[in-house]
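Since the structure is predicted, the reported quantities are computational estimates derived from the model, not experimental observations.
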Amino acid sequence: MTDHQTQSILSGFRARFDRAADGLWFGPGRVNLIGEHTDYNDGFVFPFAINRRAVVALAPRSDRILRVASSFTDEVVEISLDELSPETVSGWSAYPLGVAWALGEHGADLSAVTGFDAFIDSDVPIGAGLSSSAAIECATAVALDEVWNLGFDKRVLVRVGQLAENRVVGAPTGILDQSASLLGQTDAAVFLDCRSFESEVVPLGFDDAGLELLVIDTKVTHAHATGGYADRRASCEKGAALMGVGSLRDLTVDDLPRAASVLDEETFRRVRHIITENQRVIDTVRVLREDGPSAIGSLLDASHTSMRDDFEISVAELDLAVESARAAGALGARMTGGGFGGSAIALTPHALIPAVQQAVANAFASAGYTAPDMFVVRAAAGAARLP
């Protein structure tokens, strides 16, 4: 973050609250390299934090009032800690205020802390599937953990962010987003077991291999709290129940023939995606270690095919982004995030980035689609206080 951006956020805080902030804390967005919709099925995911982030400028108050403001609206939301609940907050303020409430649910004594003023800024695109929401939640979580002297482990803060997302925002998401945002490290991804919550930081080696990860934001926005995301989760729960297991994590590719005989066609396809996607995550980590990042392209491709055909969460713009990127030289490409819009990612040799961007832009123009936003992301450090 540049000095100009830092000063802009500090100035925004002062303009809203007529005093200085105590500090700045950030939470990065994330890209999920592979492992989609596996998190709430107790499965495996492999995301990494990116070098786009939400930043919270914050200062404690001497009373019980919480005030939150942001660079993307003139609104200042105010509520007392004594009135804070999932039912009393809504809209964009549910992300930071939901975290304050969720910290209490995880053991913070909210009767013993003071209120705060917070100003939020972010360069994580909204609706792009890069988890702009978790970036705000994680920035707020590390800020309040420090200001309120809670001393929570980052893995606890992961669950805090998830609880805020589930109960306050109303999105039935797993722990993928918050885990990446809080646990990420430079040039590495987080191999996460969503059942045990065990995590391992795995080097990516993109720089040494001359590779870049290009994000293609289709500009088709999505909302996890409504529609297809919840439907897919319900299908997974139905499939697990009919297969007699606690979650789809308990099934492997060897169980697919039995699943085909037990489940209706649609539920089978949903289940097949989760089972094969879990295996692809494990295979991606293995291939990275044994053969390096240039060898994982086919796994990314297979993941997109599964999301398009079995889980049915892609859209025409995502499919076109993936196809045109591959045709122009990307080693592999897939949609990323919850689906129904958002972004695709393309693992691309550095020298071919301009050609891939041009090919995607031309394909979108020919199809009459809104021009996509394209940018390279790098694996970055997880949420923390800014120096």
Side-chain angles (χ1 to χ4, degrees), residues 30-39 43-51 129-130 176 179-180 183-194 199-216 252-253 272-311 313-314 318-319 321-337 339 342-353 355-356 360 374-380:
R30 65 97 185 95
V31 157
N32 192 25
L33 188 62
I34 197 163
E36 225 64 77
H37 287 260
T38 47
D39 58 341
F44 300 101
V45 293
F46 196 47
F48 62 83
I50 61 174
N51 54 337
L130 303 179
L176 184 158
S179 295
L183 305 177
Q185 293 184 20
T186 302
D187 194 30
V190 180
F191 178 37
L192 178 66
D193 181 335
C194 296
S199 62
E200 182 180 359
V201 176
V202 178
L204 290 170
F206 287 173
D207 286 346
D208 289 344
L211 298 176
E212 306 274 14
L213 197 75
L214 179 68
V215 173
I216 306 164
T252 70
V253 291
R272 181 167 60 185
H273 166 69
I274 299 301
I275 291 174
T276 58
E277 188 80 347
N278 273 325
Q279 187 61 51
R280 281 186 289 271
V281 175
I282 294 168
D283 290 344
T284 297
V285 173
R286 175 183 55 79
V287 171
L288 269 174
R289 288 170 168 155
E290 294 177 357
D291 304 312
S294 297
I296 67 171
S298 62
L299 290 160
L300 304 183
D301 292 345
S303 176
H304 184 79
T305 299
S306 182
M307 290 185 287
R308 182 191 67 203
D309 299 342
D310 279 356
F311 223 57
I313 55 173
S314 190
L318 286 168
D319 294 339
V322 165
E323 292 159 9
S324 52
R326 288 176 188 154
L331 302 184
R334 64 186 287 273
M335 59 148 282
T336 189
S343 297
I345 54 174
L347 184 63
T348 306
H350 175 77
L352 293 181
I353 287 290
V356 170
V360 173
M374 292 178 276
F375 49 91
V376 169
V377 295
R378 296 182 179 276

Point to revise | From CA spacing to verdict: side-chain contact (heavy atoms from CB on, under 4.5 Å), Leu33, Ile296 | key: CA-CA 10 Å; Leu33 188 62; Ile296 67 171; 4.1 Å; yes

Exercise for review: Side-chain contact test, heavy atoms from C-beta onward, threshold under 4.5 Å: evaluate it for Ile34 versus Glu277 and give yes or no.
Suggested key: yes

Check your understanding: Is the shortest side-chain N to carboxylate O distance from Asp283 to Arg280 below 4.0 Å?
Key -> no

Review point. What heavy-atom pair brings Val377 and Asn51 nearest, and what distance separates the two atoms?
Key: CA-OD1, 3.6 Å

Check your understanding: Going from CG on Asp207 to OG1 on Thr186, what distance comes out if it is rounded to the nearest 0.5 angstrom?
Key -> 10.0 Å

Practice item. Give the intermediate values and the outcome of side chain to side chain donor-acceptor pair (under 3.5 Å) for residues Thr252 and Gln279. Key: CA-CA 8 Å; Thr252 70; Gln279 187 61 51; over 6 Å; no

**Study point:** Leu176 side chain reached by Arg30 side chain, heavy atoms, under 4.5 Å
**Key:** yes

Practice item. For the residue pair Asp39 and Leu192, establish whether any side-chain heavy-atom pair is separated by less than 4.5 Å. Key: no

Point to revise | Val45 side chain reached by Cys194 side chain, heavy atoms, under 4.5 Å | key: yes

Check your understanding: Is a side-chain N or O of Thr336 found less than 3.5 angstrom from the main chain of Ser343, in a donor-acceptor match?
Key -> no

Point to revise | Min side-chain heavy-atom separation Ile274-Phe311 under 4.5 Å | key: yes

Point to revise | Partner set under salt bridge (charged side-chain N to carboxylate O under 4.0 Å, His left out) for Asp301, not counting sequence neighbours | key: Arg326

Practice item. Go through the structure and list residues passing side-chain contact (heavy atoms from CB on, under 4.5 Å) with Asp208, not counting sequence neighbours. Key: none

Practice item. Would you give the length of the straight line joining atom CD1 of Ile50 to atom CZ of Arg378, rounded to the nearest 0.5 angstrom? Key: 13.0 Å

Exercise for review: Could you walk me through whether His304 and Asp319 pass side chain to side chain donor-acceptor pair (under 3.5 Å), step by step?
Suggested key: CA-CA 8 Å; His304 184 79; Asp319 294 339; 2.8 Å; yes

Point to revise | Side chains of Leu183 and Val201 in contact at under 4.5 Å (non-hydrogen atoms) | key: no

Check your understanding: If every non-hydrogen atom of Val202 is compared with every non-hydrogen atom of Phe191, which pair is closest and at what distance?
Key -> CG2-CB, 3.9 Å

Review point. Can you check whether Phe44's main-chain N or O pairs, donor with acceptor, with Asn278's side chain at less than 3.5 Å?
Key: yes

Review point. Arg289 side chain to Pro203 main-chain N or O, any donor-acceptor pair under 3.5 Å?
Key: no

Check your understanding: Going by heavy atoms in the side chains, are Pro293 and Leu204 under 4.5 Å from each other?
Key -> no

Point to revise | Any side-chain heavy-atom pair of Phe46 and Thr38 under 4.5 Å | key: no

Check your understanding: Any donor and acceptor pair, going by atom type alone, linking the side chain of Glu36 with main-chain N or O of Gly337 inside 3.5 Å?
Key -> yes

Point to revise | Closest heavy-atom pair and its distance - Ala180, Ala49 | key: O-CB, 3.4 Å

Review point. Nearest heavy-atom pair of Ala330 and Ala346: which atoms, and what distance?
Key: CB-CB, 4.0 Å

Point to revise | Flag, side chain of Ser314 to backbone of Met307, donor-acceptor distance under 3.5 Å | key: no

Check your understanding: So Ile313 and Met335, side-chain contact (heavy atoms from CB on, under 4.5 Å) or not? Walk me through it.
Key -> CA-CA 9 Å; Ile313 55 173; Met335 59 148 282; 3.9 Å; yes

Point to revise | Minimal non-hydrogen separation, Gly35 against Arg334, with atom names | key: N-NH2, 3.8 Å

